[in-house]
Each structure stands twice: as C-alpha cells, then as structure tokens.
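The figures that follow rest on heavy atoms only: side chains count, while hydrogens, waters and symmetry mates do not. It should be emphasised that the depicted structure is a prediction, and the values quoted were computed from it without experimental measurement. Throughout, residue positions are numbered sequentially from 1 according to the sequence presented.
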Amino acid sequence: QVQLVESGGGVVQAGGSLRLSCIASRNIFNAMGWYRQAPGKQRELVGAIVGGGLTNYADAVKGRFTISRNKAMNAVYLQMNSLEPNDTAVYYCAGRHGNTWSFGRGTQVTVSS
C-alpha cells in the first residue's frame with residue numbers, strides 16, 4: 001500500500017503564501033496532484049501534474065498556485081501565492097496509478113481576512 005504524506009499547512013493572512021509538500025512511499029504514480037475540501041463542500045481538484053510535466057489547474061487558482069514534482073524523490077509540491085479566505089480547506093495530496101487516485105490524510109490551510 002502506498003502512503004502519501006503532506007506537510008506545510010498552516011494559518012496565513014490573505015495575500016500571503018504557503019508551500020505544501022508531499023512525499024509518496026513508492027514511485028508508482030503516472031500523475032500527482034492536489035485536491036482540497038472546504039467545510040460543507042465536496043472535495044475538488046486544485047491541480048495536477050502528469051509524467052511529462054504538463055499541469056492543469058482549477059480556474060479558481062490559475063495564476064496563483066503552481067504545482068511541481070520531483071520524481072526522483074517521489075515528491076510533489078504546491079506553491080500557493082496571493083491566498084484568499086476562500087482557499088481555506090483541507091488540502092490532500094493525490095497520486096494516480098492507472099485510473100485510481102490515492103490520497104493522503106490532508107493538511108489544513110487557513111487563510112484569515
């Protein structure tokens with residue numbers, strides 16, 4: 001069983017930045033990314049990066065968030081800039097093996113106004 005462990009969450013003021021990190025216990029994923037779930041809302045895709053380095057982002061974070069990956073370290077990162085209160089959520093690292101996504105336990109990001 002593959003484990004995904006996130007770190008880097010916390011509390012930040014609106015307009016600030018945070019960098020989330022995720023380490024996978026095995027290098028088996030053909031894509032990695034980040035999801036988030038705000039209170040009372042469904043989990044949504046924030047963005048993902050595939051093997052060739054192509055990325056895609058949710059419209060709400062385009063231009064503010066950047067995903068990067070270090071395949072040698074089985075790691076994926078999420079750089080979040082210009083944070084807004086609406087970005088407050090639990091952020092989950094995710095990895096896709098075949099057509100199945102696996103998730104970490106999540107890290108809380110809170111943006112204060």
Side-chain angles (χ1 to χ4, degrees):
Q1 186 174 356
V2 178
Q3 290 187 324
L4 296 156
V5 180
E6 305 95 338
S7 61
V11 180
V12 64
Q13 288 190 329
S17 298
L18 280 175
R19 179 178 170 88
L20 304 183
S21 300
C22 172
I23 304 293
S25 59
R26 295 172 61 194
N27 187 4
I28 63 169
F29 299 121
N30 51 33
M32 295 190 76
W34 294 89
Y35 282 71
R36 68 184 181 184
Q37 187 167 18
K41 295 186 177 181
Q42 290 188 330
R43 188 176 298 186
E44 63 178 2
L45 176 67
V46 174
I49 183 167
V50 297
L54 291 176
T55 56
N56 67 283
Y57 298 95
D59 288 345
V61 306
K62 281 181 181 177
R64 300 188 299 121
F65 290 12
T66 303
I67 290 176
S68 59
R69 183 177 182 182
N70 185 328
K71 295 186 71 175
M73 295 183 63
N74 303 335
V76 65
Y77 309 97
L78 182 65
Q79 178 65 44
M80 304 185 292
N81 298 328
S82 301
L83 282 161
E84 304 168 354
N86 285 341
D87 295 318
T88 295
V90 178
Y91 283 71
Y92 298 90
C93 176
R96 189 183 70 197
H97 181 56
N99 292 320
T100 301
W101 284 92
S102 299
F103 296 91
R105 292 187 176 183
T107 185
Q108 176 70 45
V109 172
T110 302
V111 184
S112 61
S113 57

Assess the residue pair Met80 and Arg64 against the criterion (side chain to side chain contact (heavy atoms under 4.5 Å, CB included)); give the C-alpha distance rounded to whole Å, side-chain angles, the decisive distance to 0.1 Å, and a yes or no.
CA-CA 6 Å; Met80 304 185 292; Arg64 300 188 299 121; over 6 Å; no
Aromatic ring pairing Tyr35/Trp101, orientation class (parallel under 30°, perpendicular over 60°, tilted between):
perpendicular
So how far is it from Thr88 OG1 to Gln108 CD, rounded to the nearest 0.5 Å?
7.0 Å
Are Arg105 and Glu6 ion-paired here, with the side-chain N under 4.0 Å from a carboxylate O?
no
Quick one, Leu4 and Tyr92 - any side-chain contact, counting heavy atoms below 4.5 Å?
no
Side-chain heavy atoms of Ile23 within contact of Gln3, under 4.5 Å
no
Locate the shortest heavy-atom distance separating Ser17 from Ser82; write the atom from each residue and the value.
OG-N, 4.4 Å
Derivation of the side chain to side chain contact (heavy atoms under 4.5 Å, CB included) call for Val76 and Phe29
CA-CA 11 Å; Val76 65; Phe29 299 121; over 6 Å; no
If I take atom CE from residue Met73 and atom SG from residue Cys22, how far apart are they, to the nearest 0.5 angstrom?
11.5 Å
Pairwise side-chain contact, Tyr57 with Ile49, heavy-atom cut-off 4.5 Å (strictly under)
no
Find the distance between OG1 (Thr110) and CD (Gln13) and round it off to the nearest 0.5 Å.
13.0 Å
Closest non-hydrogen atoms of Ala31 and Val50, given as atom of the first, atom of the second and distance, are CB-CG1, 4.0 Å
Using 0.5 Å steps for rounding, measure from the CE atom of Met32 to the OG1 atom of Thr55.
15.0 Å
Is there a side chain to side chain contact (heavy atoms under 4.5 Å, CB included) between Val2 and Ser102? Walk through the geometry before answering.
CA-CA 8 Å; Val2 178; Ser102 299; 5.6 Å; no
For Arg36 and Ala60, work out which heavy atoms get closest and say how close.
NH2-CB, 4.1 Å
Minimal non-hydrogen separation, Gly8 against Leu18, with atom names
O-CD2, 3.9 Å
Can Leu20 be reached from Val5 by stepping across I, L, V, M, F, W or Y side chains whose heavy atoms are under 4.5 Å apart?
no
All heavy atoms of Leu45 vs all of Ala58, minimum pair found to be O-CB, 3.4 Å
Take Thr66 and Tyr77 through the test side chain to side chain contact (heavy atoms under 4.5 Å, CB included) and record every step on the way to the result.
CA-CA 8 Å; Thr66 303; Tyr77 309 97; over 6 Å; no
Closest contact, heavy atoms only, Val111 versus Asp87
CG2-CB, 4.2 Å
